[in-house]
Amino acid sequence: GPSDTLSRTLANKIVLNSDLNVVVVNKPGAAQKIAYSYVEQSKKPTLIMSTSEIADSEVYDSIETIYSLGEFRNYIVVKSNTVNTMEELAKKKEVRFGHSGEGTFSYRAMVEVCKNMNCLQVPFKSGVDGMTNVLTGTIDTYSLVSFGSKQFTSNDSYKVIGEISLDKNWVKLFGKNLTNKDKETIQNILKNTDKQFFRDLGLRK
């Protein structure tokens, strides 16, 4: 999904521009709380990419902010041959609207959009599951985070018909057990990266 895609892209950026070796470990579920639990228990130098709302919680006070990657949006995505605008979607008697579960930005965006239409909420374990169901016609639309979502938004089978930004829509990189040298290396790599790199990932600086 988007978080995994973004993590692998950042890991590749760090590896190519330093002598650090980064291994990506996918720990999905529970609005990233499973991933945070993994990092909390890690004895090794560990990074986690996450949204600021979750990471600013006092529960995770042992995890250190490394770098703010940028602001993201939520895209409202449909199958290409269905509707062309949000207004057309809202005219449907009932909109089967997919999201990534309560507590996620996908869910919050869905709730905001559904103030203006009659929605049947359909939760999925991941963005990939949701987008697959858009393609099969099981649901009408899905709320997809913009970061790391290019695999879907560049696919002609899908169409983005709207976008929404919410409070605290920031993606940040966090770390635990990093040496000051390694932390500074990562910060310098990201700080000196062209803004176009972040825009291509679906982030706005």
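As the structure is a computational prediction, the values presented were derived from the model and not from experiment. The figures here come from the full heavy-atom set of this structure, side chains too, leaving out hydrogens, waters and symmetry mates.
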Query raised in the report: Does N192 use its side chain to pair, donor to acceptor, with the backbone of N188 at less than 3.5 Å?
Result: yes
**Report entry** Pairs flagged by disulfide (SG to SG under 2.5 Å) wherever residues 151-205 is involved - sequence neighbours left out
**Finding:** none
Query raised in the report: Is there a donor-acceptor pair under 3.5 Å between the side chain of S106 and the backbone N or O of H99?
Result: no
Report task. Begin from the C-alpha positions of L144 and Y158 and carry the test side-chain contact (heavy atoms from CB on, under 4.5 Å) through to its verdict. Result -> CA-CA 12 Å; L144 183 72; Y158 298 103; over 6 Å; no
Report summary line: Residue pairs meeting disulfide (SG to SG under 2.5 Å), one or both in residues 143-172, sequence neighbours left out, come to none
Report task. Test side-chain hydrogen bond (donor to acceptor under 3.5 Å, both in side chains) on S165 and R204 and set out the steps. Result -> CA-CA 11 Å; S165 293; R204 297 188 290 204; 3.1 Å; yes
**Report entry** Pairs involving residues 111-202, ordered by first then second residue, that meet disulfide (SG to SG under 2.5 Å) (sequence neighbours left out)
**Finding:** C114-C119
Query - Centroid-centroid under 6.0 Å between F105 and F72 rings - result: yes
**Report entry** Verify same cluster id: Y142, I76 (apolar side-chain graph, 4.5 Å)
**Finding:** no
Query - Path from V128 to L201 over hydrophobic side-chain contacts below 4.5 Å - result: no
Query raised in the report: Between N177 and S42, is there a donor-acceptor pair closer than 3.5 Å when you use the side chain of the first and the backbone of the second?
Result: yes
Report task. State whether the side chain of K79 and the backbone N or O of L135 hold a donor-acceptor pair below 3.5 Å, judged by distance alone. Result -> yes
